[in-house]
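These numbers come from a predicted model, not from an experiment.
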Amino acid sequence: MKQEQPIIDKINGFLSDEFEVDASLIQPEANLRQVLELDSLDYIDLVVVVENNFSFKVKPEDFINIISFRDFYNYIISRVQSKEPTDAFMAGQVKG
């Protein structure tokens, strides 16, 4: 969990800034859509912000099962962690 905290802090920071919501309302069990007051256009903004901050492509269907902030954190953390070995391999740092 320690190595995940910087990612969670980064997520909370850009969500608070981008969606102009008090950071104290961003709690793991809180409903992402309700707290951020997301409509369909806001989801597009959310996708863009995630892609810009974490350098991976988001598919709209990825959001189907994301209800809480914890779901959102877990999604991003799993994508970041699954991306790292590929990036290292592509950079020639890991022999395949």
Side-chain angles (χ1 to χ4, degrees):
M1 180 70 176
K2 267 188 180 177
Q3 65 191 41
E4 296 171 354
Q5 194 59 48
I7 296 172
I8 291 170
D9 292 343
K10 182 176 182 177
I11 293 167
N12 290 349
F14 72 68
L15 290 177
S16 177
D17 290 344
E18 183 70 25
F19 295 96
E20 299 175 353
V21 64
D22 185 338
S24 68
L25 297 175
I26 300 174
Q27 298 294 320
E29 301 309 321
N31 184 292
L32 180 83
R33 184 177 184 178
Q34 289 174 351
V35 170
L36 300 181
E37 299 179 1
L38 299 177
D39 62 22
S40 57
L41 291 176
D42 291 326
Y43 273 103
I44 294 169
D45 292 339
L46 183 57
V47 166
V48 170
V49 171
V50 169
E51 290 178 349
N52 289 340
N53 277 278
F54 294 102
S55 303
F56 64 81
K57 283 290 187 196
V58 176
K59 293 177 258 165
E61 59 268 21
D62 292 345
F63 281 93
I64 291 172
N65 294 319
I66 295 176
I67 306 299
S68 68
F69 284 94
R70 183 178 312 282
D71 297 335
F72 189 64
Y73 300 152
N74 290 340
Y75 165 72
I76 291 178
I77 290 165
S78 70
R79 291 294 307 270
V80 167
Q81 289 174 344
S82 70
K83 183 174 80 89
E84 288 171 351
T86 304
D87 288 348
F89 179 79
M90 298 299 284
Q93 298 168 354
V94 175
K95 302 282 188 237

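Inter-residue side-chain proximity for Leu36 and Asp42 is flagged as unmet; no heavy-atom pair is nearer than 4.5 Å. Under the 4.5 Å side-chain criterion, counting only non-hydrogen atoms from C-beta, Phe54 is in contact with Ile11. Taking the side chain as every heavy atom from C-beta outward, Tyr73 and Ile7 never approach each other to under 4.5 Å. Looking at Arg79 and Val50, their side chains never come closer than 4.5 Å, going by heavy atoms from C-beta outward. Counting only heavy atoms from C-beta outward, the side chains of Leu38 and Phe19 approach each other to under 4.5 Å.
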*Give the intermediate values and the outcome of side-chain contact (heavy atoms from CB on, under 4.5 Å) for residues Ile44 and Leu41.*
CA-CA 5 Å; Ile44 294 169; Leu41 291 176; 4.2 Å; yes
*Any chance you could lay out the side-chain contact (heavy atoms from CB on, under 4.5 Å) test for Leu15 and Ile26, step after step, and finish with the verdict?*
CA-CA 9 Å; Leu15 290 177; Ile26 300 174; 4.0 Å; yes
*Derivation and outcome, side-chain contact (heavy atoms from CB on, under 4.5 Å), residues Lys10 and Ile76*: CA-CA 11 Å; Lys10 182 176 182 177; Ile76 291 178; over 6 Å; no
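Classification of the Tyr43-Phe63 ring pair by plane angle, with boundaries at 30° and 60°, yields perpendicular.
To the nearest 0.5 angstrom, Tyr75 atom OH is 11.5 Å from Asn65 atom CG.
More than 12 heavy atoms of other residues, nucleotides or ligands shown are found within 6.0 angstrom of CD on Glu61. Around the CD atom of Glu20, the shell of radius 6.0 Å holds no more than 12 heavy atoms that belong to other residues, nucleotides or ligands.
Residues forming a side-chain contact (heavy atoms from CB on, under 4.5 Å) with Val49 (at least two apart in sequence, or on another chain): Phe14, Glu18, Asn53.
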